[in-house]
Amino acid sequence: QVQLVESGGGLVQPGGSLRLSCAASGIMLGIAAMGWYRQAPGKQRELVANISGGITNYADSVKGRFTISRDNAKNTVYLQMNSLKPDDTAVYSCNARIIATTGRRMDFWGKGTLVTVSS
C-alpha cells in the first residue's frame, strides 16, 4: 500500500510564504506524476500545480507565486507558496500517480493540510 504524508501547512499573514511537502512511501515501481490540489470552504477541489517528467503545470491563480518541485530520490514533492493571499486559504492535498508493481497506474491522495492566510 502506498501512503502520502503531507506537512507544512499553517497560519500565515497575507504576503507571507509557506512550503508544503508530501512524501510517498510504499511498494511501487515508480511515480509518474505528483501534484497539489486545494479545496476551499464551499468550493470544489481544484488543481494547484503538478509535475511530471520535469514538466510543471500551474493554475492561473497561482502562476508566478507558487513553485512546485520534486525530489525523485526521496519520492517527495514540494510546493513553495509566496505572496500568499486570503483567497489561497484551503485544505491542500497531495496527489501521486503511482506505477504499481503490476505496471498499472493508480492515484493516491494524502489526508490534506490546512493553509490559512489571514491577518
Side-chain angles (χ1 to χ4, degrees):
Q1 186 71 4
V2 173
Q3 289 187 325
L4 302 180
V5 178
E6 300 125 329
S7 61
L11 174 64
V12 63
Q13 292 186 343
S17 298
L18 280 176
R19 189 192 194 207
L20 305 182
S21 300
C22 171
S25 62
I27 299 174
M28 66 188 94
L29 286 183
I31 303 176
M34 299 187 81
W36 291 94
Y37 288 73
R38 68 185 181 187
Q39 186 167 20
K43 295 186 177 181
Q44 289 188 333
R45 185 170 62 189
E46 63 174 353
L47 172 68
V48 177
N50 59 19
I51 183 168
S52 176
I55 298 173
T56 58
N57 179 47
Y58 295 93
D60 287 343
S61 59
V62 306
K63 283 180 181 177
R65 300 188 298 122
F66 291 10
T67 302
I68 189 169
S69 60
R70 180 175 160 183
D71 185 333
N72 292 328
K74 296 181 179 179
N75 288 334
T76 299
V77 65
Y78 305 95
L79 186 67
Q80 178 66 44
M81 304 185 293
N82 299 328
S83 302
L84 282 161
K85 306 174 182 179
D87 283 350
D88 294 318
T89 295
V91 174
Y92 285 70
S93 299
C94 174
N95 168 269
R97 179 150 293 179
I98 302 297
I99 304 172
T101 54
T102 60
R104 180 184 174 189
R105 298 192 176 199
M106 304 170 66
D107 281 339
F108 287 87
W109 293 87
K111 292 182 179 180
T113 184
L114 178 62
V115 172
T116 303
V117 184
S118 175
S119 54

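Pairs passing the side chain to side chain donor-acceptor pair (under 3.5 Å) check and including a residue from residues 85-95, sequence neighbours excluded, read Arg38-Asp88, Arg38-Tyr92, Arg65-Asp88.
By the 4.5 Å side-chain criterion applied to Ile, Leu, Val, Met, Phe, Trp and Tyr, Val5 is assigned to no cluster and stands alone. Through chains of ILVMFWY side-chain contacts below 4.5 Å, Trp109 is grouped with Tyr37, Leu47.
When all heavy atoms of Ser21 and Tyr78 are compared, the closest pair comes out as OG-CD2, 3.3 Å. Across all non-hydrogen atoms, the minimal contact from Ala24 to Leu4 is CB-CD2, 3.3 Å.
With hydrogens and angles disregarded, a donor-acceptor distance shorter than 3.5 Å links the side chain of Ser52 to the backbone of Ala32. Judged by distance alone, with hydrogens and angles left aside, the side-chain atoms of Glu6 form a donor-acceptor pair with the main-chain N or O of Lys111 at under 3.5 Å.
Taken from CG in Leu29 to OG1 in Thr102, the straight-line distance is 7.5 Å, to the nearest 0.5 Å. In this structure, CG in Asn82 is found 6.5 Å from OG1 in Thr67, a value given to the nearest 0.5 Å.
Within 6.0 Å of atom CD in Glu46, more than 12 heavy atoms from other residues, nucleotides or ligands are found, so the atom counts as buried in its surroundings.
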Decide yes or no on side-chain contact (heavy atoms from CB on, under 4.5 Å) for Arg70 and Ile31, but give the supporting numbers first. CA-CA 11 Å; Arg70 180 175 160 183; Ile31 303 176; 3.4 Å; yes
Ser118 and Leu11: side-chain contact (heavy atoms from CB on, under 4.5 Å), yes or no, with the steps? CA-CA 7 Å; Ser118 175; Leu11 174 64; 4.2 Å; yes
